[in-house]
Amino acid sequence: MATAATVSGLVAAGVLSGAGTALAEGRPQTQGGATATINGLKTYGEAVIHEDGGDQRVSAGLFEMSVDGGGTLQTYCVDLYNPTQRDARYQETPWSGTSLGTNKDAGRIHWILQNSYPQVNDLAALARRAGTSGLTEQDAAAGTQVAIWRYSDGAKVDAVDPQAEKLADYLEKSARGVAEPQASLTLDPPAVSGRPGDLLGPVTVHTNAGAVTVSPPADAATSGVRIIDRTGKVITSAKDGSRLYFDIPEDAADSTAQLTVQASTTVPVGRAFASESRSQTQILAGSSESTVSATATAGWAADGAIPAVSARKNCAKGGVDITAVNKGDEPFTFRLMGAEHTIPAGASRTVTVPLQEDQAYDFTITGPHGFSHRFTGVLDCRTHGTITTETAQLRNEPSPATVGGSTVPDTNLAETGASAITPLIAGVAIGLVVIGGAVLVVLRRKETPPGA
């Protein structure tokens, strides 16, 4: 299951008909699972990061996210030296698409999550294990985050509160390797292709939900495209391991169709969450019942090349893998960043596009007859850098939030999560106000009659 989740960790997918019409719309598609918006740091204490240039005090603890379609997630940061953007959107992501994919201690982080707060909500029992006299929720969250940072970022970091520090030390010393959890929901592969009259697929469901709802293409009633199993039965619900097929009528014109699967489930602890807005990578510590979904696309044509194209981040290779599968009877040739690649009929090829760390990418695959498919994202595969005043300073006005029966400031962002672009935005805004004022003065002078 871990392998399947890794293989299906796609940032985009598309298909093209042999007639040469670009059927994919060029917008990125998620790899499936939960999509959420970060609300801010909710339960936290303080920590001190020791750097060569001096110590920095930061907030450390649990973030909260709101899931699209319903549900709440609790997460810890595994990307200390990068900023957290306000209201950033996150997507459930395989470890291979984040710094965890190349971190030999990723399994230890998973162990910490399973054996600490909030998975262990008996704070008295957790305190006994850590050899401390007592823990508040804030202490437990801070100590857990500190232990995670020591493994995720190799940081020299200590919790300010002595009880939280004892918990961090206990977790760090006790941690053992635990395998990556399975995805909450993915479809593998996310793009298939073939001939009219054929069964296109299979597309295999991978999920921890008891059942998923299968929605056919929006135009199924007019196109005649059905979602079926191998026996020909129309499928409206499925489970883990189910194999779905697109049943395409023999007389169907060259086109595409998309199916959607959706479920309500608790996302497995240890799943990574990455943002395309260059916001701190997170790792799941707890989940309510949440909505998860995934899509798969099929394309068909009567003759010619019939490719299915997908892409995924590959942190081990430091780039993005573009995979093209050609189910047609003619070669499929596409251009990628100035280079030409040809996929023979019935073959597939994966091309790795090397990228610099933290590099935003936006490239388009082109081919004959107007084929064009765009891929966008940010390569965020390593944790590195130095905590600075700019990244450690709070950028939001605090608002109260109740945690554990007491009122604490809700900063919305971790202290390490301030956006470095904030001063630039403020400067631009001030500049626009000054320019606007100057324009008004000039206009008034022009409108004032002579001698007035």
Side-chain angles (χ1 to χ4, degrees), residues 1-11 30-34 36 62 65 73-80 90-121 126 129 144-154 168 170-190 204-210 212 239-242 263 265-274 280-287 290 292 294 312-318 321 380-383:
M1 294 303 299
T3 301
T6 300
V7 170
S8 61
L10 305 170
V11 291
T30 66
Q31 63 269 34
L62 273 172
M65 292 189 188
L73 307 177
Q74 292 176 300
T75 62
Y76 287 107
C77 164
V78 288
D79 199 6
L80 172 60
Y90 282 78
Q91 174 65 43
E92 184 180 341
T93 305
W95 285 4
S96 62
T98 71
S99 60
L100 296 172
T102 54
N103 185 342
K104 63 181 179 59
D105 293 319
R108 295 178 185 270
I109 296 172
H110 191 187
W111 185 96
I112 291 171
L113 294 167
Q114 291 182 335
N115 291 275
S116 191
Y117 182 77
Q119 288 301 302
V120 178
N121 56 18
L126 187 59
R129 295 177 196 171
T144 305
Q145 178 65 91
V146 166
I148 288 172
W149 277 337
R150 291 173 182 175
Y151 281 123
S152 66
D153 295 78
Y170 157 73
L171 294 172
E172 180 187 11
K173 294 174 182 176
S174 303
R176 302 290 182 269
V178 179
E180 178 179 3
Q182 74 173 103
S184 64
L185 177 60
T186 60
L187 293 175
D188 181 31
T204 303
V205 177
H206 298 292
T207 184
N208 71 330
V212 300
K239 61 182 180 179
D240 183 46
S242 293
T265 187
T266 55
V267 182
V269 169
R271 290 296 291 169
F273 278 79
Q280 284 180 338
T281 304
Q282 305 281 313
I283 192 165
L284 189 71
S287 168
S290 299
V292 296
R312 69 180 180 94
K313 295 178 185 176
N314 186 334
C315 285
K317 293 184 178 180
D321 287 344
D380 183 9
C381 290
R382 296 195 299 271
T383 60

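Residue indices begin at 1 and follow the sequence shown.
The shortest heavy-atom contact between M65 and A36 is CB-CB, 3.9 Å. Heavy-atom minimum distance, H110 versus V269: NE2-O, 3.1 Å. The two atoms that bring S184 and E92 nearest to each other are OG-OE1, 2.6 Å, heavy atoms only. Closest approach of S174 to W111, counting heavy atoms only: CB-CH2, 3.5 Å.
Counting heavy atoms from C-beta on, the side chains of Y90 and Q282 come closer than 4.5 Å. Residues W95 and P181 form a side-chain contact, since some pair of their non-hydrogen atoms from C-beta on lies under 4.5 Å apart. When side chains are defined from C-beta on, L73 counts as touching F273, because their heavy atoms get closer than 4.5 Å. The shortest distance between side-chain heavy atoms of L126 and S116 falls below 4.5 Å. At a threshold of 4.5 Å between non-hydrogen side-chain atoms, the residues K239 and V205 do not count as touching. Put simply, the side chain of I148 reaches to within 4.5 Å of the side chain of L113, judged on heavy atoms. Two residues are said to be in side-chain contact when any heavy atoms from C-beta on lie closer than 4.5 Å; Y117 and Y76 meet this criterion. Contact of the S96 side chain with the C315 side chain is not registered, since no non-hydrogen atoms from C-beta on lie closer than 4.5 Å.
Panel note: side chain N314, backbone D321; no donor-acceptor pair is recorded below 3.5 Å.
With Y151 as the partner, the side chain to side chain contact (heavy atoms under 4.5 Å, CB included) test is satisfied by one option alone out of L100, L171, I112: I112.
From D79, atom CG reaches atom SG of C381 across 10.5 Å, with rounding to the nearest 0.5 Å. Note that the CZ atom of R176 and the CG atom of N115 stand 10.5 Å from one another [nearest 0.5 Å]. For the atom pair R108 CZ and S152 OG, the distance stands at 14.0 Å (nearest 0.5 Å). Here the CG atom belonging to L62 is positioned 8.0 Å from the CD atom belonging to Q145, to the nearest 0.5 angstrom. Going from atom CG of D153 over to atom CG of D105 covers 11.5 Å, rounded to the nearest 0.5 Å. Rounding to the nearest 0.5 Å places CD of Q114 at 7.5 Å from CD of Q119.
Looking only at atom types and distance, the side chain of S287 has no donor-acceptor partner in the side chain of Q74 under 3.5 Å away. Inspection of the T265 and N208 side chains reveals an N or O donor paired with an N or O acceptor under 3.5 Å.
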For this session: List the steps and the verdict of side-chain contact (heavy atoms from CB on, under 4.5 Å) for T204 and L187.
Result: CA-CA 6 Å; T204 303; L187 293 175; over 6 Å; no
For this session: Take L185 and H206 through the test side-chain contact (heavy atoms from CB on, under 4.5 Å) and record every step on the way to the result.
Result: CA-CA 6 Å; L185 177 60; H206 298 292; over 6 Å; no
For this session: Take E180 and R271 through the salt bridge (charged side-chain N to carboxylate O under 4.0 Å, His left out) test and state the conclusion after the steps.
Result: CA-CA 8 Å; E180 178 179 3; R271 290 296 291 169; 3.5 Å; yes
Exercise. When you look at K313 and T93, which way does the side-chain contact (heavy atoms from CB on, under 4.5 Å) test go after all the steps?
Worked result: CA-CA 10 Å; K313 295 178 185 176; T93 305; over 6 Å; no
